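The block underneath contains the structure these notes are about, expressed in structure tokens.
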Amino acid sequence: MSLADKIFIDMCKDILENGTSTEGEKVRPRWEDGTAAYTIKKFGVVNRYDLRKEFPLITLRKTALKSATDEMLWIWQQKSNNINDLHSHIWDEWADENGSIGKAYGYQLGVKHKYKEGMMDQVDRVIYDLKNNPFSRRIMTNIYVHQDLSEMALYPCAYSMTFNVVQQPGEDKLTLNAVLNQRSQDVLAANNWNVVQYAVLVHMLAQVCDMYVGELLHVIADAHIYDRHVDIIKELIARPTYDAPKFWLNPEIKDFYQFTRNDVKVENYVTGPQVENIPIAI
């Protein structure tokens, strides 16, 4: 069993056994047929992944590494808010007739701000500080911008990254750690997807800043399983598990803006069957 499988299984069991239900409450999400989408939820889930030990792909079912990486690069590298720049259709439900999701996600990371070093967007500021001021406790991004929420098709779920660099005793390079803050998460549809995306991001930033990769800490304020996902989750976490795959990142890339979804791959990725036709609450 991979560590990612154990974390996922334990989290799901904890939500199902110790979570609280929103049934009967006033909730925003709706199923396609218009009925309210209730959840079993757990407040304050914190999962820790040591990226040195393994890459956190679950083996219970396949997580599409290249597609997850593509969406992460769409936000962090292209800083796009238009689905026509994506190679998947995961954002189609929220886009307007022109393909825009409004002032959300990549748009916010692309806004330039004034620093004493000059005008930079949030991503360039992170890279600048990791290279020039790695022990700063202020290396972070935030895309939950209140003044722009009314112009976002969807409020950001994974809204903040905080980077923290340490010097491990006896090592020749620094180690990059990160905290991913998420206000809300659909555990079945998005948990491992998000973990994989930000694990890739940490690997990429560590490589371009000549650091070792360290830990990814994932903090979820509202981790929930939708009512129509409960039986799917129960079947999923009862499946056999396999060893974690080996992760590969193209070692030739030294500039973050040169990475593509084809610069990542895994070897020996054995999984259970895919879960088909997951209902998504909108």
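Heavy-atom basis, side chains included; hydrogens, waters and symmetry copies ignored. Just so you know, these numbers come straight off a predicted model, no measurement behind them.
The heavy-atom pair separating Arg239 from Gly272 by the smallest distance is NH1-C, 4.0 Å. When all heavy atoms of Val266 and Pro245 are compared, the pair lying nearest together is CB-CB, 4.0 Å. In terms of heavy-atom proximity, Leu180 sits nearest to Ala158 at CD1-CB, 3.9 Å. Taking each heavy atom of Leu149 and Pro156 in turn, the nearest pair found is CD2-CD, 4.4 Å. When all heavy atoms of Ile278 and Arg61 are compared, the closest pair comes out as CD1-NH1, 3.3 Å. Nearest approach of Trp94 to Ile90, heavy atoms of both residues: CZ3-O, 3.6 Å.
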Tell me, with the steps shown, if Met140 and Ser160 meet side chain to side chain contact (heavy atoms under 4.5 Å, CB included).
CA-CA 7 Å; Met140 62 182 295; Ser160 174; 3.9 Å; yes
Tyr198 and Trp76: CA distance, side-chain angles, deciding distance, side chain to side chain contact (heavy atoms under 4.5 Å, CB included) verdict:
CA-CA 10 Å; Tyr198 286 90; Trp76 279 77; 3.5 Å; yes
Side chain to side chain contact (heavy atoms under 4.5 Å, CB included) evaluation trace for Lys103 with Gln108
CA-CA 7 Å; Lys103 292 184 176 180; Gln108 295 296 337; 3.9 Å; yes
Please test Trp91 against Tyr105 for ring-ring contact (aromatic ring centres under 6.0 Å, His included), starting from the C-alpha separation and ending with a verdict.
CA-CA 12 Å; Trp91 277 96; Tyr105 286 91; 5.1 Å; yes
Please test Lys234 against Glu17 for salt bridge (Lys or Arg N to Asp or Glu O under 4.0 Å), starting from the C-alpha separation and ending with a verdict.
CA-CA 11 Å; Lys234 287 180 177 179; Glu17 294 170 6; over 6 Å; no
Please lay out, stage by stage, how Ile139 and Thr162 fare under the test side chain to side chain contact (heavy atoms under 4.5 Å, CB included).
CA-CA 6 Å; Ile139 309 176; Thr162 303; over 6 Å; no
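By the 6.0 Å contact criterion, CD on Glu117 is enclosed, its count of non-hydrogen atoms from other residues, nucleotides or ligands being greater than 12. Within 6.0 Å of CD in Glu235 there are more than 12 heavy atoms belonging to other residues, nucleotides or ligands. Heavy atoms of other residues, nucleotides or ligands lying less than 6.0 angstrom from CZ of Arg52 number more than 12. With a 6.0 Å radius and a threshold of 12 heavy atoms from other residues, nucleotides or ligands, Glu93 has its CD atom at or below the threshold. With a 6.0 Å radius and a threshold of 12 heavy atoms from other residues, nucleotides or ligands, Asp243 has its CG atom at or below the threshold. A 6.0 Å sphere centred on NZ of Lys114 holds no more than 12 heavy atoms belonging to other residues, nucleotides or ligands. Counting non-hydrogen atoms of neighbouring residues, nucleotides and ligands closer than 6.0 angstrom, the NZ atom of Lys41 reaches no more than 12 such neighbours.
Within the 4.5 Å cutoff, the side chain of Arg183 has heavy atoms near those of the Tyr155 side chain. In this structure, the side chains of Phe259 and Val208 come closer than 4.5 Å at one or more pairs of heavy atoms. Put simply, the side chain of Leu249 reaches to within 4.5 Å of the side chain of Met204, judged on heavy atoms. At least one side-chain heavy atom of Ile253 sits less than 4.5 Å from a side-chain heavy atom of Gln207. The shortest side-chain heavy-atom distance between Thr20 and Phe43 does not fall under the 4.5 Å cut-off. You'll find the side chain of Ile58 stays beyond 4.5 Å of the side chain of Trp193, heavy atoms only. With a 4.5 Å cut-off on side-chain heavy atoms, Phe55 and Lys246 do not count as touching. Between Leu188 and Ile225 there is no side-chain heavy-atom pair separated by less than 4.5 Å.
A continuous path of Ile, Leu, Val, Met, Phe, Trp and Tyr side chains, each step under 4.5 Å between heavy atoms, connects Ile232 with Ile237, placing both in one hydrophobic cluster. The hydrophobic cluster containing Leu236 also contains Val45, counting ILVMFWY residues as joined when their side-chain heavy atoms lie under 4.5 angstrom apart, directly or transitively. The cluster map of Ile, Leu, Val, Met, Phe, Trp and Tyr, joined by side-chain heavy atoms under 4.5 Å apart, puts Tyr242 and Val275 in different clusters. If you chain together hydrophobic residues whose side chains sit under 4.5 Å apart, Leu130 and Tyr115 never meet in one group. A single hydrophobic cluster is seen to contain both Val200 and Trp74, as judged by linkage of ILVMFWY side chains at heavy-atom distances under 4.5 Å, directly or through other members.
Checking Thr241 against Asp5 by side-chain atom types alone, no donor-acceptor pair falls below 3.5 Å. Under 3.5 Å, the side chains of Asp222 and Gln185 contain no donor-acceptor pair of N or O atoms. No side-chain donor from either of Asn82 and Ser100 sits under 3.5 Å from a side-chain acceptor of the other. In summary, the side chains of Tyr212 and Asp172 do present a donor paired with an acceptor at a separation below 3.5 Å, with no hydrogens or angles considered. Side-chain polar atoms of His218 and Gln182 form a donor-acceptor pair below 3.5 angstrom. Side-chain contact annotation: Thr35 with Asp33, donor-acceptor N/O pair under 3.5 Å present. Side-chain contact annotation: Trp31 with Asp227, donor-acceptor N/O pair under 3.5 Å present.
Note that CZ of Arg228 is 9.5 Å distant from CD of Glu32, once rounded to the nearest 0.5 Å. Rounding to the nearest 0.5 Å places CG of Asp186 at 5.5 Å from CD1 of Ile280. The distance from the SG atom of Cys157 to the CD1 atom of Ile143 is 9.0 Å, given to the nearest 0.5 Å. Taking OG1 of Thr141 as the reference point, atom CG of Asp121 lies at 10.5 Å (rounded to 0.5 Å). A distance of 13.0 Å separates OH in Tyr226 from CD1 in Ile233, rounded to the nearest 0.5 Å. A distance of 11.5 Å separates OH in Tyr159 from OG in Ser184, rounded to the nearest 0.5 Å.
Of the possible donor and acceptor atoms, none in the side chain of Gln77 sits under 3.5 Å from a partner among the backbone N and O of Asp70. With hydrogens and angles ignored, the 3.5 Å screen pairs a side-chain donor or acceptor of Lys66 with a backbone N or O of Val264. The main-chain N or O of Leu174 is never found under 3.5 Å from a side-chain atom of Gln168 such that the two would form a donor-acceptor pair. Here the side chain of Gln167 pairs no donor or acceptor atom with the backbone of Thr175 at under 3.5 angstrom. Of the possible polar contacts, one joining the Asn132 side chain to the Tyr128 backbone as a donor-acceptor pair under 3.5 Å is found. Counting only distance, with no hydrogens or angles, the side chain of Thr22 and the backbone of Thr39 share a donor-acceptor pair below 3.5 Å. Looking only at distances, no side-chain donor or acceptor of Arg261 sits under 3.5 Å from a matching main-chain atom of Glu71. Not a single donor-acceptor pair under 3.5 Å links the side chain of Tyr49 to the backbone N or O of Leu3. When atom types are taken as modelled, the side chain of Asn192 and the backbone of Pro56 share a donor-acceptor pair closer than 3.5 angstrom. For Ser2 (side chain) and Ala244 (main-chain N/O), no donor-acceptor pair under 3.5 Å exists by modelled atom type.
With salt bridges taken as basic N to acidic carboxylate O contacts below 4.0 Å, one links Asp210 and Lys173. Checked for salt-bridge contact, Asp129 and Arg125 meet the test: a charged N lies under 4.0 Å from a carboxylate O.
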